Amino acid sequence: MKVVVVESPAKAKTINKYLGKDYEVLASFGHIRDLPAKDGSVDPDADFRMIWTLEDKGSKRVSEIAKAIKGAEKLILATDPDREGEAISWHVVEALREKRALKDLPVERVTFNAITKDAVQTALRQPREIDQALVDAYMARRALDYLVGFTLSPVLWRKLPGARSAGRVQSVALRLVCDRELEIETFKPREYWSLIATLATKDGAVFDARLVGADGKRIQRLDIGNGKDAEAFKKDLELATFSVANIEAKPARRHPYPPFTTSTLQQEASRKLGLAPAQTMRIAQRLYEGVDIGGETVGLITYMRTDGVDMAPEAVQAARRVIGTEYGDQYVPSVPRKYSTKAKNAQEAHEAIRPTDMSRLPKYVAKYLEPEQARLYDLIWTRTVASQMESAELERTTADITAQVGPRKLDLRATGQVIKFDGFLTLYNESKDDEADEDEGRLPPMKAGDPLERRRINASQHFTEPPPRYSEASLVKRMEELGIGRPSTYAAVLQTLRDREYVRIEKKRLVPEDKGRIVTAFLESFFRRYVEYDFTADLEEQLDRVSNNEIDWKQVMRDFWRDFSAAIGETKELRTAEVLDALNELLGPHIFPDKGDGSNPRTCPTCGTGQLSLKLGKFGAFIGCSNYPECKYTRQLAATGAEGDGEGSSENGGQPGVKVLGVDPDTGEQVTLREGRFGPFVQLGEGEKPKRSSLPKGLTPAQVDLEKALKLLSLPRQVAAHPETGEPILASIGRYGPYVQHGKTYANLGPGDDVLEIGANRAIDLIVTKESGGGGARRGAADPGRPLGDDPESGKPIVVKAGRFGPYVTDGETNATLPRTMAAEAVTLDEAIELLKARRAAGPSKKSARGRKAPAKKAAAAEKAPAKAATKTAAKKTAAKKPAVKKAAAKTTAKKAAKAAE
């Protein structure tokens with residue numbers, strides 16, 4: 001028996017079908033070891049010694065693998081063909097060695113770019129050893145990320161209340177978003193005018209021509225800067241006679257785009273399909289690992305983490321055959337197209353992302369796929385096939401027009417473009433984030449010297465616009481251009497920025513939050529080198545050299561740590577005043593925008609003499625007056641509307657981080673939104689014990705208005721009357737989230753329930769279920785879960801649910817928690833079945849075993865109850881005679897016991 005280890009159950013299931021009975025394929029479920037999230041996991045003083053620990057699930061996986069290799073012929077590591085895959089294989093081997101399970105067992109490393117029968121069997125015939133250079137590059141990245149996070153983040157927490165944490169690549173990506181926002185805020189629009197003449201040929205065909213010159217001088221786009229000059233040109237054109245000075249038609253060719261890399265796939269999926277990079281990678285992973293197509297499980301695409309654009313020769317020939325069959329021989333170029341990449345990172349320069357079989361047309365496989373899988377497969381197939389198609393042939397025509405008005409000559413130009421042969425455009429055209437206007441359409445027939453008739457002259461006013469905010473696609477593109485991060489990290493970086501609430505998405509664009517801008521400003525002021533684009537790109541290049549076995553990873557670490565630790569040390573003596581001065585200067589355009597009336601934007605609107613500046617409070621940054629405590633004006637960071645009336649302003653003793661939502665019509669008291677120690681909440685009025693209500697999970701502060709706040713403050717609200725007792729059933733929000741209550745019975749609401757909208761039927765159902773003993777788990781009754789399908793062996797329905805300790809799958813008897821690398825919304829039936837099998841094989845948990853013993857224990861306890869009662873009575877009499885100190889100790893012990901029992 002030969003044991004094969006891969007990352008995921010889906011991949012294991014697919015490969016197992018290819019290999020047969022002589023092989024046992026096991027899944028590691030991603031990484032089995034990690035650095036503990038505490039100080040000392042990476043020790044610079046011990047030459048960057050790294051302490052790895054087995055995660056809870058990792059320990060089980062290692063035990064399963066160790067059990068499987070007893071008596072095995074060999075261990076084959078078939079994890080993904082990149083740095084992370086190499087590291088997973090290395091961790092498996094190291095963990096087995098620590099358990100002394102390997103002994104003299106041969107270990108082989110194999111890689112394949114596609115999960116097909118031919119690719120897997122070919123890889124098994126070409127084994128190699130673990131590539132230590134790739135492992136070193138992995139360790140260098142993990143050590144760098146750990147040291148940056150665990151040394152820089154505490155500095156942020158001390159100096160910037162409310163900040164979350166900082167990461168090596170995330171901080172630079174955040175700076176890109178914040179820098180773009182600053183460009184937008186400081187942008188000064190510039191007025192300019194364009195003049196368009198609508199002309200007609202002698203045959204009556206109409207076209208437009210733009211003014212491009214006057215008196216022998218060229219007119220650029222911004223040269224006509226005011227209405228007066230535009231009106232003068234317009235009058236001359238209205239009096240002018242027009243004729244064709246020159247006409248030129250040039251052939252042009254547009255070549256197809258190369259097949260997808262990781263970054264271009266993320267960009268196009270974002271533009272064309274509206275998918276976030278993380279979603280794109282999850283779906284692509286499923287397509288790569290294998291899908292059941294008509295009874296055959298096969299990987300539909302090649303490995304999806306790559307920056308290579310070349311394809312295997314057999315794939316190129318297959319694409320050319322499909323083009324000839326589906327579109328005709330005229331679309332097949334005479335010579336196959338070959339693409340090359342400029343990427344320096346050799347270890348990720350694998351084959352491009354492409355279908356494993358070009359003959360699997362999207363229309364044929366769509367019925368076997370989920371909708372998003374089908375759309376992404378269609379995008380990959382289309383791009384791949386189009387990359388081998390003939391170029392499009394265009395004709396671009398330029399007509400130079402002369403306008404003669406007296407002795408003055410004005411120049412106009414008309415352009416047109418037509419497609420003579422569509423080529424690859426018949427199948428695919430790449431989207432752009434910010435579409436530029438292109439002159440399209442054919443110009444009417446005309447020749448030099450032809451007179452033209454003026455139909456109308458139009459002068460249009462324009463203003464230059466600031467650069468657009470980054471979309472997720474354009475940010476990925478910019479990071480790739482700058483060499484920041486690598487294809488496998490882009491999705492995680494963007495997700496981290498959103499999870500830390502440093503950025504939000506509005507209209508598909510990334511907008512930095514105030515806390516994100518403050519963190520960036522702080523890092524630019526005191527750790528500028530480490531958020532510089534060039535520094536980060538140079539460090540990435542060094543890590544690439546490590547993966548190519550050109551330099552020692554520990555030397556890279558020494559060079560980095562020497563300067564970085566010194567920079568951290570310098571901030572220990574940093575005073576709050578220095579931090580505030582730096583932030584006030586960098587964030588000035590954002591927090592003190594120009595009012596446009598020439599007044600000082602920092603003048604306090606309340607006292608008129610104080611200067612506004614950034615302050616740091618317990619719950620984050622806010623704007624306050626320099627005349628405090630005499631003047632107690634405060635507002636939130638970003639000014640919205642007029643000073644004093646903006647959101648979050650408080651002129652008469654308000655608190656920082658307080659947003660005034662309005663006035664309660666019943667009491668006349670002010671309703672405010674506040675940031676507290678345990679999160680945002682709404683409050684009615686002031687005083688010693690004002691009415692408050694926390695925001696339920698899923699409701700962001702930006703979504704809360706006066707109406708929503710008043711509904712929250714009205715909690716608890718009566719939803720229904722109990723069908724048996726007639727007593728009220730109430731809905732409210734407690735320490736553990738929203739719930740419904742009947743007397744002393746509480747039932748938590750499920751993820752799909754809204755505490756403000758839940759109706760009588762749903763509330764009664766939750767309460768009755770809880771009272772009848774159903775829904776023993778905190779959320780068992782409220783969360784029906786997402787059905788995945790029936791178990792083919794038992795016939796039981798399998799669902800995925802949101803549990804108290806994370807998402808899990810269940811068939812009603814066995815529960816299996818999802819690994820951290822597996823998303824609840826992406827888990828498939830096959831993966832769920834494998835997880836449940838693994839859980840059953842592991843046997844019952846200690847908790848479950850204790851649960852089965854409970855009835856017997858209860859029966860025994862019932863028999864002993866009278867004896868226990870007598871013993872308690874005697875104990876009480878004895879305790880009454882003991883000293884006061886012992887009485888207090890007994891009382892404490894009793895409290896602890898009661899608490900434990902509860």
Side-chain angles (χ1 to χ4, degrees), residues 37 145 148-149 152-182 184-185 276-279 469-472 475-476 479 489-524 531 583 586-587 590-591 614-623 635-640 647-648 656-659 661 673-682 694-705 708 737 751 820 823:
D145 293 340
V148 170
L152 187 53
S153 296
V155 175
L156 289 179
W157 301 333
R158 288 194 301 269
K159 306 298 180 183
L160 295 176
R164 299 287 292 275
S165 57
R168 181 177 62 88
V169 179
Q170 295 94 321
S171 297
V172 185
L174 178 60
R175 185 191 165 191
L176 277 170
V177 177
C178 293
D179 283 357
R180 176 58 58 89
E181 196 71 16
L182 185 61
I184 295 170
E185 290 169 349
Q279 288 178 288
R469 287 175 172 140
Y470 285 111
S471 64
E472 289 187 301
L475 182 60
V476 166
M479 290 172 66
T489 65
Y490 297 143
V493 166
L494 294 179
Q495 190 61 47
T496 299
L497 293 180
R498 294 173 66 179
D499 290 345
R500 291 177 179 171
E501 298 177 347
Y502 285 161
V503 301
R504 67 181 185 276
I505 291 185
E506 286 185 3
K507 298 178 180 177
K508 297 186 178 181
R509 298 284 171 167
L510 294 166
V511 183
E513 297 282 13
D514 284 341
K515 66 171 68 174
R517 299 196 68 167
I518 289 176
V519 167
T520 297
F522 178 82
L523 295 176
E524 283 193 74
V531 288
L583 297 183
L586 279 174
L587 295 175
H590 172 58
I591 55 181
L614 190 69
K615 309 285 185 184
L616 295 177
K618 185 178 181 181
F619 302 117
F622 65 98
I623 305 301
R635 67 166 169 81
Q636 291 179 312
L637 204 59
T640 55
E647 293 181 351
V658 176
K659 177 180 178 181
L661 299 174
L673 174 66
R674 303 172 181 235
E675 186 69 34
R677 183 180 177 188
F678 301 107
F681 63 93
V682 290
S694 301
L695 267 58
K697 188 177 181 181
L699 182 64
T700 65
Q703 296 172 311
V704 179
D705 54 15
K708 187 82 71 176
R820 282 188 289 180

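Please read these numbers as outputs of a predicted model, since none were measured by experiment.
Closest heavy-atom contact between Ala173 and Leu475: O-CD1, 4.4 Å. Taking every heavy atom of both residues into account, Arg168 and Val148 meet most closely at N-CG1, 3.9 Å.
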Should Leu583 and Ile518 be marked as a side chain to side chain contact (heavy atoms under 4.5 Å, CB included) after you check the CA-CA gap, both sets of side-chain angles, and the distance that decides it? CA-CA 7 Å; Leu583 297 183; Ile518 289 176; 4.0 Å; yes

Chi angles and distances behind the side chain to side chain contact (heavy atoms under 4.5 Å, CB included) call for Gln703, Lys708: CA-CA 8 Å; Gln703 296 172 311; Lys708 187 82 71 176; 5.9 Å; no

For Val155 and Phe522, run side chain to side chain contact (heavy atoms under 4.5 Å, CB included): C-alpha distance rounded to whole Å, both residues' side-chain angles, the deciding distance at 0.1 Å, then the answer. CA-CA 10 Å; Val155 175; Phe522 178 82; 3.9 Å; yes

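We find the CG-CG distance between Leu586 and Leu614 to be 11.0 Å, quoted to the nearest 0.5 Å. Atom OG1 of Thr520 sits about 11.0 Å away from atom CG of Leu182, to the nearest 0.5 Å. To the nearest 0.5 Å, the span separating CG on Asp514 from CG on Leu587 amounts to 8.5 Å. Atom CE in Met479 sits 5.5 Å away from atom OG1 in Thr489 (nearest 0.5 Å). The CG atom of Leu510 sits 10.0 Å away from the CG atom of Leu174 when rounded to the nearest 0.5 Å. Taking OG from Ser171 and CG from Leu176, the interatomic distance works out to 11.5 Å, rounded to the nearest 0.5 Å.
By the salt bridge (charged side-chain N to carboxylate O under 4.0 Å, His left out) test, Arg517 pairs with Glu185, sequence neighbours left out. Residues forming a ring pair (Phe, Tyr, Trp, His ring centres under 6.0 Å) with Tyr490 (at least two apart in sequence, or on another chain): none. Contacts of Asp179 classified as side-chain hydrogen bond (donor to acceptor under 3.5 Å, both in side chains), with partners at least two apart in sequence or in another chain: Arg175, Tyr533. When the side-chain contact (heavy atoms from CB on, under 4.5 Å) test is applied to Ala278, the partners found at least two apart in sequence or on another chain are Arg282, Ala491, Gln495. Qualifying side-chain hydrogen bond (donor to acceptor under 3.5 Å, both in side chains) partners for Glu513, counting only residues two or more places apart in sequence or in other chains: Arg504. Residues meeting the side-chain contact (heavy atoms from CB on, under 4.5 Å) test with Arg498, sequence neighbours left out: Ala276, Glu472, Val503, Ile505.
In this structure a side-chain-to-backbone donor-acceptor pair under 3.5 Å is present from Arg509 to Arg469.
In this structure the side chain of Leu673 reaches within 4.5 angstrom of the side chain of Leu695, judged on heavy atoms. Under the 4.5 Å side-chain criterion, counting only non-hydrogen atoms from C-beta, Leu661 is not in contact with Asp705. Under the 4.5 Å side-chain criterion, counting only non-hydrogen atoms from C-beta, Thr496 is not in contact with Val169.
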